[in-house]
Amino acid sequence: MIRPADFIEEKKRGREHAAEAIGRWVAAFMAGEVSDAQMAAWMMAVLWRGMTPAETAALTAAMAASGERLDLSSLPGPHLDKHSTGGVGDKVTLVVVPLLAALGLPVVKLSGHGLGHTGGTLDKLESIPGFRTRLEAEEAVAQARRIGLVVAGHSERLAPADARMYALRDVTATVDSVPLITASILSKKVAGGADAVVIDVKVGSGAFMTGEAEARRLAGSLVATGAHLGLAVHCVLTQMEQPLGRTVGNALEVREAIEALRGSAEPDLRACSEALAAEALLMAGMAADEEEARARVAGVWTKGAALERFARMVEAQGGDPRVVEEPERLELAPVQAELRAPAAGWLARLDARLVGEAVMALGAGRRREGDAVDHGVGAEVLAKVGQRVEAGQPLLRLRARDGEAAREAVRRVETGVRVAPVPAPSLAPVLGVVRNPTAS
Ligand code: URA
């Protein structure tokens, strides 16, 4: 094994590592032969010097190999997974996974709890009384075989190197490195048994990537690294300047997803979900082109078949099945406060990050792993950017446990709202698609 200081030096000088040296480096870290300090120093060198697609692929493979691999061989292929880089009001998984299952594409979706200002899919699903997100691998695969879908927690046994490296990145200002983000995301997908991944790369104030140029760089890296690994990766760049859809918060978002699957989706949620589902069909070879893929998605949506899949998943994972017929059974926090338009005009800004932070501060998320989550708090989005509004018209309704918390949430969001005296353009929900032509 190369001396750790020499390996770090190599990257510090901007040289390319050999693939097998990266494999040995990660294995030595997991074996305790490379210290946290040395790994952190190397990751800082990577942040400044970057990595080639071949190096990023080697890192991804090494991180994926650091633990167990989910065996999906009993499911018909391709083994498709869906990932989002995280956004505010992002309930797309709750819509897309049932759509794909209804189209005959089984999905084993491994998700996380939320951290930071974006909510996690597991927290949302856990707002359904009884819903279990901790499933053993065999149970998850058997469920996907039986009903075509499962959304469950990511096991710590899959890609454990990522959890350790991410914890170090979090405290050493090395999160925002494109190759490290790429390897972090894709290693978990490879360990989860995927051979095709559709990734929702969110762009805007409420996203990890606030600018379109950096989001495109990340998408390019994900696609190129996937190509090196023989993993089909398609990225859809989607809007995250304002919250997605009409709700933010756990129970509110599950209610919205159920209504969307019934056919009354907010246009931006519908557009993002259709685009991602269509890419998945293309990757699976289930449609000849984008037009056909979109037509198939729209067709299954209209028939209500996806809602039925969602109901079967709720039942299979121990959730109260009555919430699908009666989503109002999902309890909401009782106190409401509204943020109103300061003047008449056109809504030009409703900052997604501020809304996400306000909802998290109400208790919808956790500051630290292990904190309790309040499923009933959140925000209802009553106007979208580009819309004509009157002075005093409610733009956002906050749901809280007490009046002071609700008023504080309104104050937090106020600075992120702008009403313009002239028409403001609405925001395009989908900004583009980045595909890997060789792997699809
Ligand atoms: N999401 C991940 O899974 N990893 C990162 O590094 C960043 C976002």
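Both ligands and their constituent atoms are indexed starting at 1 by order of listing.
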Counting only heavy atoms not in Arg262 (residues, nucleotides, ligands), do more than 12 fall under 6.0 Å from its CZ?
yes
Could you list the residues that satisfy side-chain contact (heavy atoms from CB on, under 4.5 Å) with Arg216, not counting sequence neighbours?
Glu212, Leu237, Val434
Taking NZ, NE, NH1 and NH2 as the nitrogens, is one of them in Glu139 or Arg145 under 4.0 Å from a carboxylate oxygen of the other?
no
For the atom pair CG (Asp351) and CD (Glu357), what is the distance rounded to the nearest 0.5 Å?
8.0 Å
Can you see whether Asp162 engages Ser187 through a side-chain donor-acceptor pair at a distance of less than 3.5 angstrom?
no
The single option from His17, Glu10, Glu9 passing side-chain hydrogen bond (donor to acceptor under 3.5 Å, both in side chains) against Trp42:
His17
Can you list every pair where an N/O of ligand 1 is under 3.5 Å from an N/O on the protein?
{"from": "ligand 1", "atom 1": "3 (O)", "to": "Lys188", "atom 2": "NZ", "distance (Å)": "2.6"}
{"from": "ligand 1", "atom 1": "4 (N)", "to": "Ser184", "atom 2": "OG", "distance (Å)": "2.6"}
{"from": "ligand 1", "atom 1": "6 (O)", "to": "Arg169", "atom 2": "NH1", "distance (Å)": "2.9"}
{"from": "ligand 1", "atom 1": "6 (O)", "to": "Arg169", "atom 2": "NH2", "distance (Å)": "2.9"}
{"from": "ligand 1", "atom 1": "6 (O)", "to": "Ser184", "atom 2": "OG", "distance (Å)": "3.3"}

